Number of protein chains: 2
Amino acid sequence: MPVTIRDVARASGVHISTVSRTFSAPHLVNPETRVRVLACAEDLGYRPNRAARALITGRTHNIGLIIADIANPFFPPLIKAAESQARHRDYHVFVADTNEDAAAEEELVHALAKQVDGVLLCSPRMSNSLIEQLSREVPLVVVNRQLAGLPCVLMDVGQGARSAIEHLARLGHREMALLGGPRGSWTSREIRRAANAAARTAGADLTVIGPNPPTEAGGLAQAEQVRRAGVTAVLAYNDLMAIGLLEGLDALGVGVPQEISVVGVDDISLSRLTRPKLTTVATPTAAAGRTAVDMLLQQETDVPRTARGGGATVAVGVRRTTAQVMLQTELVIRDSTGPGPYAGRERPGAAAAGPGPHRRADPGNPIVAAGDVVAS
Amino acid sequence: MPVTIRDVARASGVHISTVSRTFSAPHLVNPETRVRVLACAEDLGYRPNRAARALITGRTHNIGLIIADIANPFFPPLIKAAESQARHRDYHVFVADTNEDAAAEEELVHALAKQVDGVLLCSPRMSNSLIEQLSREVPLVVVNRQLAGLPCVLMDVGQGARSAIEHLARLGHREMALLGGPRGSWTSREIRRAANAAARTAGADLTVIGPNPPTEAGGLAQAEQVRRAGVTAVLAYNDLMAIGLLEGLDALGVGVPQEISVVGVDDISLSRLTRPKLTTVATPTAAAGRTAVDMLLQQETDVPRTARGGGATVAVGVRRTTAQVMLQTELVIRDSTGPGPYAGRERPGAAAAGPGPHRRADPGNPIVAAGDVVAS
DNA sequence: GATCTATCTGCAAACCTTTGCATTGAAGTA
DNA sequence: TACTTCAATGCAAAGGTTTGCAGATAGATC
């Protein structure tokens, strides 16, 4: 039933290799023949079998995109940017969701390995060593996690957390809490590290609550805990949790930002819709998606697959350049943060929320830190 | 570099066919041999090449899932349900997003065709005839669109729209508006049809505004228009638009539900977070995802691929059973609807929002309408 | 001891392409 | 005319796997 290259060859009276070339190397075939073949192909509804083609060329023109949780609105912009970038380069993106499950991640990488030319691993939850091991099976680009020797796209959440804490300190907050993210998240560790340091510098106390599932429910569940902690400001691992917290505090009758200020991370579109509107650290998700695709495809052209090669084994210690890209974040001040108990006191220059920094439209220009790494 | 079945065969001193059987038909190989082969495979890190396997078996154990817009929170529950159901059946799901673009849809079906065993087409925007044509290339299950001769999973949005209009009429509204969805959407047409009929029955006027992009921005953009229409109640094509409208009305200083009542469709999780909380028609998205996967896999076992068969062409007029499943929807009354200008007047029994129907946890039990269809 | 069975394994074709090399024929050059 | 050059096409191997068939070995039966 499915029409193959052979059918087209028979119909147009040429050899299958000519049909093949009509599609993959048109300049090698006589224009007259070409039109005839194309007509027959069109007639029969022939489409080259990509799997068979991949088997011999070693190129599928597909990219795998593994995501911790599609339901998290943080990811769609990244996905869409990756898809659009890939499309421009004549690639397709297949997305898969792991439900924040490390085992599912590994499973998916294996499943994708031979069906794609590379995999974008977003916010992985598995261990570094496993990632390294998998990277030997299929080209990998890691997003939101730093790994020596592997190409990574990072967002400077550390800087973001620092800005957030400084913003809160300037507003006169001293007792703060950090609503931590999920276990195994590099981003969560970065935020905690930076927030701790910034709090110390600002002379503020920071209570860490967590780890928590990075969802609205995760934030909601800790509202009581937050109130009991006696803090006047909270930085949440992401907007979803911040929004859940907003809800929880509202249910408890706690005023935001009158009694407690809340800051999120990500600047998902939803954060503009809550009441109060959420102050948050904007992360350049779209730029991350684009960059990740570029890095993957770059890697592909650097190290062409040995499709036909066969014979010689690749020498150990091949020099491979792996870049690590760090994208900038930015604090967006909205309505969920307000003056704290120490506003205007002691710390000169600590005014109420002034006309703070503003969100630039998708920064896009990375601070690049590239390095040569000797592959194993 | 990539280790193949041949390497394992060499290492364990057996023929490649034995290695193959060790994985795909273990009972046919001597236990001793099996453990030896498995040990070697483990040692070398061998994983069967799924593409090559698919080439000969005709089965990829992959399912394609084409989605109009991943950023729409309506879809993630459907995606996750489909993934989980597929996983139970030892299948993987690859998701692709089309940005509501009909051309991208077609393109993606072609790209996926030979790499998956079937495609789930969710809320397609392309024409019926094109869908039918594509269904000859790869098994298709259509979600959110009714097509004779193809397996479909539908949600009874007509019934939902009717309930919504009746609810509004009972509350004493007479002048209503419908915020239409995107062009090419079956769901949008269904809602309009049912809403019109229900409004007529209830003696209410219904102004249709649209078509609109099914996004928050789409709803926001029509807020002014809604106010000018002089209506006291609005039914929106989906929650996203309803939420945008809520925002827009708020900006215009129009009270919801005091001045205008708003109803959405979908019951996305966000609709519980807005202020006021959104009254909406809950659609069984998770059940739809599960059902669609089941129907696709059912179809697969009904019509096994002629992997080796070759010779005989399939007879024209093969009898194929295609089921159409209709899933129930349910009105969830929250805070965005309230009494209208005619509350308590004229229509007996029209009280203020009473303890209305409540959301059941994922109905899941479909009303099935199956039929035999003669395939072309 | 001969025959039969069951169990295990090997052989080779098949799936659908791509591609290096060989072949053909025509056009261009000396 | 004899030669080279070039464009267009065919040939056949290769890619990694599955699977029908046949061969081999061992044990069971008479």
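None of the values given here were measured: they were computed from a predicted structure. In what follows, chains are A, B, ... by sequence order, proteins preceding strands, each numbered from 1.
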Excluding sequence neighbours, so at least two apart, what forms side-chain hydrogen bond (donor to acceptor under 3.5 Å, both in side chains) with [X]?
| X | value |
| --- | --- |
| A/Glu83 | none |
| A/Glu105 | none |
| B/Ser24 | none |
| B/Ser123 | B/Asn144 |

Atom-pair distance ([atom1] on [X]; [atom2] on [N]), nearest Å:
| X | N | atom1 | atom2 | answer |
| --- | --- | --- | --- | --- |
| A/Lys114 | D/dG16 | NZ | P | 9 Å |
| A/His61 | C/dT17 | NE2 | C1' | 15 Å |
| B/His15 | D/dG16 | NE2 | P | 15 Å |
| B/Ile56 | C/dT17 | CD1 | P | 15 Å |
| A/Ile16 | D/dC11 | CD1 | C1' | 9 Å |
| B/Phe23 | D/dG16 | CZ | P | 15 Å |

Listing request: all side-chain hydrogen bond (donor to acceptor under 3.5 Å, both in side chains) pairs with a residue in residues 88-102 of chain B, at least two apart in sequence or in separate chains.
A/Lys80-B/Asp97, A/Lys80-B/Asn99, A/Glu107-B/His92, B/Arg89-B/Asp294, B/Tyr91-B/Asp117, B/Glu100-B/Arg125
By the side-chain hydrogen bond (donor to acceptor under 3.5 Å, both in side chains) test, which pairs, at least two apart or in different chains, include something from residues 37-56 of chain A?
A/Arg47-B/His110
Step-by-step side-chain contact (heavy atoms from CB on, under 4.5 Å) determination, A/Leu112 to A/Val138:
CA-CA 9 Å; A/Leu112 283 167; A/Val138 57; over 6 Å; no
Give a yes/no answer on whether the side chain of A/Thr18 brings an N or O atom under 4.0 Å of OP1 or OP2 in D/dG10.
yes
Which residues satisfy the ring-ring contact (aromatic ring centres under 6.0 Å, His included) test with B/Phe94, sequence neighbours excluded?
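ring-ring contact (aromatic ring centres under 6.0 Å, His included) list for B/Phe94, sorted by chain: A/Phe94.
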Among residues at least two apart in sequence or on other chains, which ones pass side-chain contact (heavy atoms from CB on, under 4.5 Å) with B/Gln146?
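Checked B/Gln146 against side-chain contact (heavy atoms from CB on, under 4.5 Å); matches are B/Leu154, B/Trp186, B/Gln324.
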Give every donor-acceptor pair under 3.5 Å between a side-chain atom in residues 27-39 of chain B and any protein atom, sequence neighbours left out.
unit_1  : atom_1 : unit_2  : atom_2 : d
B/Asn30 : OD1    : B/Glu32 : N      : 2.9
B/Arg34 : NH2    : B/Val29 : O      : 3.4
B/Arg36 : NH1    : B/Ser12 : O      : 2.5

What's the closest nucleotide to the side chain of A/Ile5 if the choices are D/dT19, C/dT17, C/dG10?
C/dT17
Please list residues of residues 24-34 of chain A whose heavy atoms come under 4.0 Å from any atom in DNA chain C, ordered by number; otherwise none.
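The stretch gives none, as no residue of it lies under 4.0 Å from the strand.
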Stretch residues 36-55 of chain B: residues that reach within less than 4.0 Å of DNA chain C through a heavy atom:
B/Leu55
Return yes if some donor-acceptor pair links the side-chain N/O of A/Ser20 with the main-chain N/O of A/Ile16 below 3.5 Å, else return no.
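It does not hold such a pair.
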With no angle test and no hydrogens, is the base of C/dG10 tied to the side chain of B/Arg21 by a donor-acceptor pair under 3.5 Å?
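A donor-acceptor contact between them is present.
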Students should find that the end-to-end axis angle of the helix from C/dG1-D/dC30 to C/dA30-D/dT1, with five pairs defining each axis and rounding to 10 degrees, is 50°
